[in-house]
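Working notes, beginning with the structure itself.
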Amino acid sequence: MVKKCTSSHLIPIIFAALTWFIIIPSHANLLVSNNEVKAWVDQYVLPSYKNLHQANLHLQTHAGGLCDAKSLHQLDKMQPHFSKALEAMAYSQAIDGGPMQDELRNFQLYFWPDRNNLVNKQLAKLIDESNLQVLQELGLEHASVALAGYPALERLLFEPYYRQTVIQDQEKFGCYYIVTITNNLVRITAAINEDWSAKWRAQLVGPSVSNSRFKKPADQVSFIFSNIDVLLTKIITKKLAKPLASKVTKAKPKRLESWRSSNSLIMLKANARGLTDSLNITLKPALIRAGETPHWHQISNHLSLIQQKLDQLPRPLVTHLSEPQHWLAVNALQEQFIQLQAKLRELYPRLNVHLGFNAYDGD
């Protein structure tokens with residue numbers, strides 16, 4: 001005989017089912033809300049690019065009088081402003097998509113890694129030719145990316161050979177070239193800021209806007225975390241793996257980024273701050289709202305350990321990487337970044353995040 005199922009029997013069943021979903025939230029999708037997307041743009045993206053542009057303006061100002069009073073002292077006075085600009089750029093690297101990639105602006109600003117040593121080759125040729133007329137007429141807007149940004153400027157400000165060349169050049173080509181680079185940096189970051197304010201912000205915070213690149217909320221969230229993932233992969237595979245090599249005796253300190261100006265560690269710290277701020281703004285509230293604070297604690301712990309390990313490393317890192325204890329410390333730092341990326345990738349399917357092609361994966 002089949003027992004009739006009454007409403008009194010159904011109530012406990014329904015209650016048990018609801019309780020199951022409450023107790024086991026890990027099966028539910030996470031939601032990064034539009035408010036968090038907007039906060040990421042307004043509290044991280046826009047301020048980071050504004051700060052980068054201001055740093056370039058300071059750099060431009062300090063280059064302005066260089067050709068009137070060429071001296072090593074004048075070059076020295078530019079160095080801290082150069083380092084501030086690199087730090088600002090590194091902080092912004094958790095958002096390397098969008099306007100930064102238009103017109104190859106990311107490469108124009110910072111052509112690194114430079115696998116074929118193009119900056120050295122092209123800079124040497126440019127200085128040797130010293131065609132001031134071409135520089136004045138065309139500027140650097142259509143020049144090779146290897147000659148347009150920070151890596152070329154770093155050599156001119158920090159490498160003894162180029163420093164002397166700039167000072168001793170009677171035609172003043174080197175100092176005019178420095179001025180032209182700083183003008184170009186200002187032009188690029190002004191365009192990035194304008195594009196974010198005039199076009200990209202509205203599309204990212206309102207995906208239903210007509211002609212938007214983001215057709216649905218999942219596109220917004222995927223954009224955010226794809227940028228975060230690209231930076232993590234670049235840190236792991238380029239900023240750390242290449243200099244570390246396979247063991248301490250094979251370490252290649254001069255594969256570190258911006259080693260000439262001793263900014264390798266400064267830039268890694270700025271990268272870590274950019275990642276931390278981005279994740280605090282977007283992922284932390286989503287996890288807490290879903291009742292999954294332990295997941296955030298794991299991510300927060302990785303971020304804290306990364307910061308601790310960065311703070312313990314000596315400067316300049318280029319002179320210490322080949323020392324066993326510091327090589328091991330950098331290797332442990334890389335492992336923390338790997339674990340952070342793995343933890344985030346574990347959560348991405350539940351965030352409905354679809355990572356785009358990452359040029360650094362598997363490289």
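The chain is numbered in sequence order, starting from 1. These figures come from a predicted structure and were not determined experimentally. Excluded from the calculations below are hydrogen atoms, water molecules and symmetry mates; all remaining heavy atoms, backbone and side chain alike, are included.
For the residue pair Ser261 and Gln79, no side-chain donor N or O sits within less than 3.5 Å of a side-chain acceptor on the partner. His81 and His62 form a side-chain donor-acceptor contact under 3.5 Å, judged by distance and modelled atom types alone. Checked by atom type, the side-chain pair Asn280/Asp277 shows no donor-acceptor distance below 3.5 Å. Remark: the Asn271 side chain and the Gln93 side chain contain an N/O donor-acceptor pair separated by less than 3.5 Å. Side chains of Glu335 and Gln339: a donor on one and an acceptor on the other come within 3.5 Å. Under the 3.5 Å distance criterion, with hydrogens and angles disregarded, a donor-acceptor pair is assigned to the side chains of Gln108 and Arg187. Of the N and O atoms on the side chains of Ser258 and Tyr110, at least one donor lies less than 3.5 Å from an acceptor on the other residue. In the model, Glu141 has no side-chain atom that pairs as donor or acceptor with a side-chain atom of Asn184 under 3.5 Å. When only modelled atom types and interatomic distance are considered, Gln74 and Ser71 share no side-chain donor-acceptor pair under 3.5 Å.
Between Glu257 and Lys234 no salt bridge is recorded (no basic side-chain N to carboxylate O distance below 4.0 Å). Ion pairing between Asp169 and Lys70 fails under the 4.0 Å rule for side-chain N and carboxylate O. The pair Arg163-Asp76 counts as a salt bridge, with a side-chain nitrogen and a carboxylate oxygen less than 4.0 angstrom apart. Taking the charged nitrogens against the carboxylate oxygens, Lys216 and Asp219 do have a contact shorter than 4.0 Å, which makes a salt bridge. Between Asp195 and Arg105, at least one side-chain nitrogen of the basic residue sits less than 4.0 Å from a carboxylate oxygen of the acidic one, meeting the salt-bridge criterion.
For the residue pair Lys247 and Trp327, the shortest heavy atom distance occurs at CA-CZ2, 3.4 Å. What you find for Leu30 and Ala286 is that their closest heavy atoms are CD2-O, 4.1 Å. Ser222 and Asn352 make their closest contact through OG-O, 3.6 Å (heavy atoms, listed as atom of the first residue, atom of the second, distance). Closest approach of Ser33 and Arg289 over heavy atoms only: N-NH2, 3.8 Å. Heavy-atom minimum distance, Ala146 versus Val119: O-CG2, 3.6 Å. Considering every non-hydrogen atom in both Gln334 and Ile236, the closest pair reads NE2-O, 3.1 Å.
Summarising the local packing, NZ of Lys50 is surrounded by 12 or fewer heavy atoms from other residues, nucleotides or ligands at distances under 6.0 Å. Crowding of Gln325 atom CD: a count of heavy atoms from other residues, nucleotides or ligands under 6.0 Å exceeding 12.
Using a 4.5 Å heavy-atom cutoff, the side chains of Phe223 and Ile95 are in contact. Contact annotation: the side chain of Leu86 approaches that of Met267 to within less than 4.5 Å [non-hydrogen atoms, C-beta and beyond]. You'll find the side chain of Leu232 stays beyond 4.5 Å of the side chain of Ile338, heavy atoms only. Contact of the Thr189 side chain with the Leu109 side chain is registered, since non-hydrogen atoms from C-beta on lie closer than 4.5 Å. Side-chain contact between Trp259 and Pro253 is absent, with no heavy-atom pair separated by less than 4.5 Å. Side-chain atoms of Leu156 and Ile181, non-hydrogen and from C-beta on, do get closer than 4.5 Å to each other. Taking the side chain as every heavy atom from C-beta outward, Thr237 and Lys242 never approach each other to under 4.5 Å. A 4.5 Å side-chain heavy-atom check between Tyr162 and Leu123 finds at least one atom pair inside the cut-off.
Separation of the Phe158 and Phe82 ring centroids falls under the 6.0 Å cut-off. Under the 6.0 Å cut-off for aromatic ring centres, Tyr44 and Tyr91 qualify, their centroids lying closer than that.
Between the side chain of Lys84 and the backbone N or O of Ala55, no donor-acceptor pair lies under 3.5 Å. No side-chain donor-acceptor contact under 3.5 Å links Asn106 to the backbone of Gln101. Put simply, the side chain of Thr319 gets close to the backbone of Pro316: a donor and an acceptor are under 3.5 Å apart. A side-chain donor-acceptor contact under 3.5 Å links Ser130 to the backbone of Ile127.
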Between Tyr150 and Asn56, is the side-chain hydrogen bond (donor to acceptor under 3.5 Å, both in side chains) condition met? List the steps. CA-CA 10 Å; Tyr150 297 117; Asn56 283 334; 2.6 Å; yes

Report the C-alpha separation of Asn131 and Leu126 in whole Å, then their side-chain angles, then the decisive distance to 0.1 Å, and conclude whether the side-chain contact (heavy atoms from CB on, under 4.5 Å) test is met. CA-CA 8 Å; Asn131 192 330; Leu126 182 73; over 6 Å; no

Could you walk me through whether Leu153 and Leu59 pass the side-chain contact (heavy atoms from CB on, under 4.5 Å) test, one step at a time? CA-CA 11 Å; Leu153 184 58; Leu59 192 57; 3.7 Å; yes

What verdict does the side-chain contact (heavy atoms from CB on, under 4.5 Å) test give for Gln60 and Leu185, after you've listed the backbone C-alpha separation in whole Å, the side-chain angles of each residue and the deciding distance to 0.1 Å? CA-CA 8 Å; Gln60 181 190 49; Leu185 294 170; over 6 Å; no

Could you walk me through whether Val145 and Leu118 pass the side-chain contact (heavy atoms from CB on, under 4.5 Å) test, one step at a time? CA-CA 9 Å; Val145 293; Leu118 291 179; over 6 Å; no

Glu87/Arg273 under salt bridge (Lys or Arg N to Asp or Glu O under 4.0 Å): CA gap, chis, key distance, verdict: CA-CA 11 Å; Glu87 183 178 12; Arg273 290 199 306 275; 3.2 Å; yes

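Hydrophobic clustering (ILVMFWY, side-chain heavy atoms < 4.5 Å, transitive): Leu317 and Val248 are in one cluster. Under a hydrophobic-cluster definition in which Ile, Leu, Val, Met, Phe, Trp and Tyr are linked whenever side-chain heavy atoms come within less than 4.5 Å, directly or via other members, Leu279 and Leu347 are assigned to the same cluster. Note on Val205 and Met100: same hydrophobic cluster, where clusters join Ile, Leu, Val, Met, Phe, Trp and Tyr whose side-chain heavy atoms are under 4.5 Å apart, directly or indirectly. Under a hydrophobic-cluster definition in which Ile, Leu, Val, Met, Phe, Trp and Tyr are linked whenever side-chain heavy atoms come within less than 4.5 Å, directly or via other members, Leu244 and Leu305 are assigned to different clusters. Leu31 and Val37 fall into different hydrophobic clusters, where Ile, Leu, Val, Met, Phe, Trp and Tyr side chains are chained together by heavy-atom contacts under 4.5 Å.
Between atom CG of residue Leu351 and atom CD1 of residue Ile224 there is a gap of 10.0 Å, rounded to the nearest 0.5 Å. The OG1 atom of Thr180 lies 11.5 Å from the CG atom of Leu147; values are rounded to the nearest 0.5 Å. Here CG of Leu240 is found 10.0 Å from OG of Ser264. Values are rounded to the nearest 0.5 Å. Within the model, atoms CG of Asn116 and CD of Gln122 stand 10.5 Å from one another, a figure rounded to the nearest 0.5 Å. The distance from atom OG1 of Thr233 to atom NZ of Lys239, rounded to the nearest 0.5 Å, is 12.0 Å. The CD atom of Glu154 sits 7.0 Å away from the CG atom of Asn263 when rounded to the nearest 0.5 Å.
Pairs of residues two or more places apart, or lying in two chains, that qualify as salt bridge (charged side-chain N to carboxylate O under 4.0 Å, His left out) and include a residue from residues 297-318 are Lys269-Asp311.
Ring-plane geometry between Trp196 and Trp200 is classed as tilted, the angle between the planes lying from 30 to 60 degrees on a 0 to 90 degree scale. Relative orientation of the Phe225 and Tyr348 rings is tilted, given thresholds of 30° and 60° on the angle between their planes.
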